[in-house]
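As structure tokens, the structure follows; a few thoughts come after it.
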Amino acid sequence: MNIATWNVNSLRARMPRFLPWLQENQPDILCLQETKVIDDLFPRSEIEDAGYNIAFFGQKTYNGVAILARQPIEDVVRGFPGDDEDAQKRVIGGIVDDFVVLNLYVPNGSELGSPKFEFKMNWLEQLREFVSDRYDFAEKMVITGDFNITFDDRDVYDPEGLREAIHCSTPEREALAKIMELGLHDGLRKHHEEAGLYTWWDHRGGAFWKDRGLRIDHFLLTDSALESCASVVIDREARKGKGASDHVPVIATFS
DNA sequence: ATGGTGGGTTCCCCA
């Protein structure tokens, strides 16, 4: 049983690389972010033909999340309770087999002190309340996606240069830590302690080839999910060559 | 080296 997460930065633009990746890796569950497609235009037939059920929650131009699974996706939730229809589409959850899955695209936040940063911090507090109210941490649960936050300086290519910068700041890390305190663990750190394990490299400035990256795509696991987690692997190959997303897939395997 | 690239029913905004 494995679960993957991938910010594809437009699913339709990514299809020439996405479909071969899906065929080759065949994850049991795949959480996508930044699909950037309304539900009516979601490329469902190609994905269904590959053997997947789909739950999607998209909007025009920005954001958009989806869950793909080989087994049925039950009890699908979309957005936060109380969201109006204009709310940004950044949250989708469901139950697949005996796994509770929550797939997130956390706001980027732009820069500290900006209105977008304020939005990010408010969104993270909304997330904490939603997760705390709705979910049972005794369950086998995975909260995954693009968090747009590094846990610590090991996740940052230039910790001094990016001190208190967006994705690395103390308020962001504290907001994430507050969510972790509900009873979650950083899946990758069960298996790997080293620095320099990145999941995102800017498209600009040849960042990938300079390995100027960040680890911002995560698997947050409850105790029982952590216990059965056998590996967490970052697929760096997916960042190489033409037509890559700026994020790579991360794949967690469970016994 | 404060630049640059990539995506979107695009002519600016977002990352």
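Chain letters run A, B, ... following the sequence lines, proteins first and then strands; every chain starts at 1. Quick caveat, the model's predicted, so the values are computed rather than measured.
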Task: Whole-Å distance separating the CH2 atom of A:W200 from the C1' atom of B:dA15 - done: 8 Å

Task: Qualifying residues under salt bridge (charged side-chain N to carboxylate O under 4.0 Å, His left out), relative to A:R236, sequence neighbours excluded - done: A:D211

TODO: Could you run through nucleotides 2-10 of chain B and give me one letter per nucleotide, 5' to 3': B if any protein heavy atom sits under 4.0 Å from the base, S if only the sugar-phosphate is that close, - if neither?
DONE: --BBSSSB-

Open item on the list: Between B:dG8 and B:dG4, how far apart are the two P atoms, rounded to whole Å?
Closed with: 22 Å

Task: Pairs involving residues 169-189 of chain A, ordered by first then second residue, that meet ring pair (Phe, Tyr, Trp, His ring centres under 6.0 Å) (sequence neighbours left out) - done: none

- [ ] Indicate yes or no: does A:K140 engage A:E227 in a salt bridge with an N to O separation below 4.0 Å.
- [x] no

TODO: State which residues pass side chain to side chain donor-acceptor pair (under 3.5 Å) with A:N103; sequence neighbours excluded, sorted by chain then number.
DONE: A:Q33

Give the table of side-chain donor-acceptor pairs shorter than 3.5 Å for residues 64-74 of chain A, with sequence neighbours excluded, one pair per line with atom names and distance.
unit_1, atom_1, unit_2, atom_2, d
A:R70, NH1, A:Y52, OH, 3.2

Task: Partner residues of A:F137 under the ring-ring contact (aromatic ring centres under 6.0 Å, His included) criterion, sequence neighbours left out - done: none

Task: Stretch residues 104-117 of chain A: residues that reach within less than 4.0 Å of DNA chain B through a heavy atom - done: A:Y105, A:N108, A:K116

Task: Whole-angstrom distance between B:dT5 and B:dT9, as gauged at atom P - done: 22 Å

Task: B:dA15 to B:dG3 separation - C1' atoms, rounded to the nearest Å - done: 16 Å

Open item on the list: For A:E48, give me all partners under side chain to side chain donor-acceptor pair (under 3.5 Å), at least two apart in sequence or on another chain.
Closed with: A:R44

Can you list, pair by pair, the side-chain donor-acceptor contacts under 3.5 Å of residues 14-27 of chain A, counting residues two or more places apart and other chains?
unit_1, atom_1, unit_2, atom_2, d
A:R14, NE, A:V8, O, 2.7
A:R14, NH1, A:G243, O, 2.9
A:R14, NH2, A:V8, O, 3.3
A:R14, NH2, A:N9, O, 2.8
A:R17, NH1, A:K240, O, 2.8
A:R17, NH1, A:K242, O, 2.6
A:R17, NH2, A:A238, O, 3.0
A:R17, NH2, A:K240, O, 2.9
A:W21, NE1, A:D235, OD2, 2.8
A:N25, ND2, A:W21, O, 2.9
A:Q26, NE2, A:Q23, O, 3.0

